[in-house]
Every structure is written in C-alpha cells, then in structure tokens.
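Keep in mind that this is a model prediction, so the values were computed, not measured.
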Amino acid sequence: LISSEYIADWSGACHIMSPVMESLTEEYQGRIKFCIIHCDRDDTLAKSHGINNLPTFQLFHRGQLVDHIAGALSRRELSDRINVFLEKLAKATDT
C-alpha cells in the first residue's frame, strides 16, 4: 500500500495534519509507504491527479486508487479509513 499526502507550506490545515501523519507513519511502518507531495514546490503530480483541496490523502493498492480524502481529519478518522481497507485486503488474501 502507498499513501500520498498532498500538502503546501502555506496551508494551516496541512500543518494541523503533520503530526497526525507522522504518528500514522510510525503506526503503519512496514505495511504502508507514506509519501508527501509538496504542491507549493511542484504541483505537476497534484494537477495530474486532480487535487483541488489541501491537504488531500490518497491510498493506493497495486497502482489503483482505493481511497481519497480531502481536508483535515482527526487521527482516529484517518486511521479508521485506512483500517477499513486493510481489513478488506486481509479478507481477500485469506480466500
């Protein structure tokens, strides 16, 4: 799994999410690769993915987008969204 977080230095919501993302990176170490895309430094990737709001969090599995979340969320809300997909993935590999 790969998680992409689109952020900008000027965004207050992105600064609020920074410690949340650091915490999730530690919690899911070895299961999810977290990538941060700084849109104010290079917005090419954000434009190609249709990112209009910051922060935006995307979760990919085998190159396919499986979840897209725009805006700031609590750590619990974001973790719950990740866990839903991880549970689906675990069930799919058990069969």
(request) Could you pull out the closest heavy-atom pair between Cys39 and Leu54, with the gap in Å? (result)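 So the two residues come closest at SG-CD2, 3.9 Å.
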(request) Over all heavy atoms of both residues, which pair between His68 and Gln58 is shortest? Give the atoms and the distance, please. (result)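 Where His68 meets Gln58 most closely, the heavy atoms are ND1-NE2, 3.1 Å.
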If Ile, Leu, Val, Met, Phe, Trp and Tyr residues are connected whenever their side-chain heavy atoms lie under 4.5 Å apart, and connections chain through other members, are [X] and [Y] in the same group?
X: Ile32; Y: Met17; answer: yes
X: Ile51; Y: Phe34; answer: no
X: Phe60; Y: Phe57; answer: no
X: Val84; Y: Leu24; answer: no

(message) Measuring only between side-chain heavy atoms, which start at C-beta, is Val20 closer than 4.5 Å to Glu22?
(response)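 With C-beta onward as the side chain, the pair stays apart.
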(request) May I ask you to check whether over 12 heavy atoms, not counting those of Arg62, lie within 6.0 Å of atom CZ? (result)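 It does not: Arg62 CZ has 12 such atoms or fewer within range.
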Report all side-chain donor-acceptor pairs from residues 69-76 shorter than 3.5 Å, counting only partners two or more places apart or in another chain.
from	atom 1	to	atom 2	distance (Å)
Ser74	OG	Glu77	N	3.0
Ser74	OG	Glu77	OE1	3.3
Arg75	NE	Ser23	OG	2.7
Arg75	NH1	Glu27	OE1	3.2
Arg75	NH2	Ser23	OG	3.2
Arg75	NH2	Glu27	OE1	2.3

(request) With sequence neighbours excluded, tell me which residues meet ring pair (Phe, Tyr, Trp, His ring centres under 6.0 Å) with His61. (result)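 Counting only residues at least two positions away or on another chain, His61 forms a ring pair (Phe, Tyr, Trp, His ring centres under 6.0 Å) with Phe85.
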(message) My understanding is that only residues two or more places apart in sequence, or in another chain, count here; which of them pass ring pair (Phe, Tyr, Trp, His ring centres under 6.0 Å) with His15?
(response)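 With sequence neighbours excluded, His15 shows a ring pair (Phe, Tyr, Trp, His ring centres under 6.0 Å) to no residue whatsoever.
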(request) Could I get the full list of salt bridge (Lys or Arg N to Asp or Glu O under 4.0 Å) partners for Asp43, not counting sequence neighbours? (result)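 Result, salt bridge (Lys or Arg N to Asp or Glu O under 4.0 Å) vs Asp43: Lys47.
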(request) Could I get the full list of salt bridge (Lys or Arg N to Asp or Glu O under 4.0 Å) partners for Arg41, not counting sequence neighbours? (result)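 Arg41 satisfies salt bridge (Lys or Arg N to Asp or Glu O under 4.0 Å) with Asp9 once adjacent residues are dropped.
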(message) Could you work out, with side-chain contact (heavy atoms from CB on, under 4.5 Å) as the rule, every residue matching Leu45, not counting sequence neighbours?
(response)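 Residues passing side-chain contact (heavy atoms from CB on, under 4.5 Å) with Leu45: Tyr6, Ile37, Ser48, His49.
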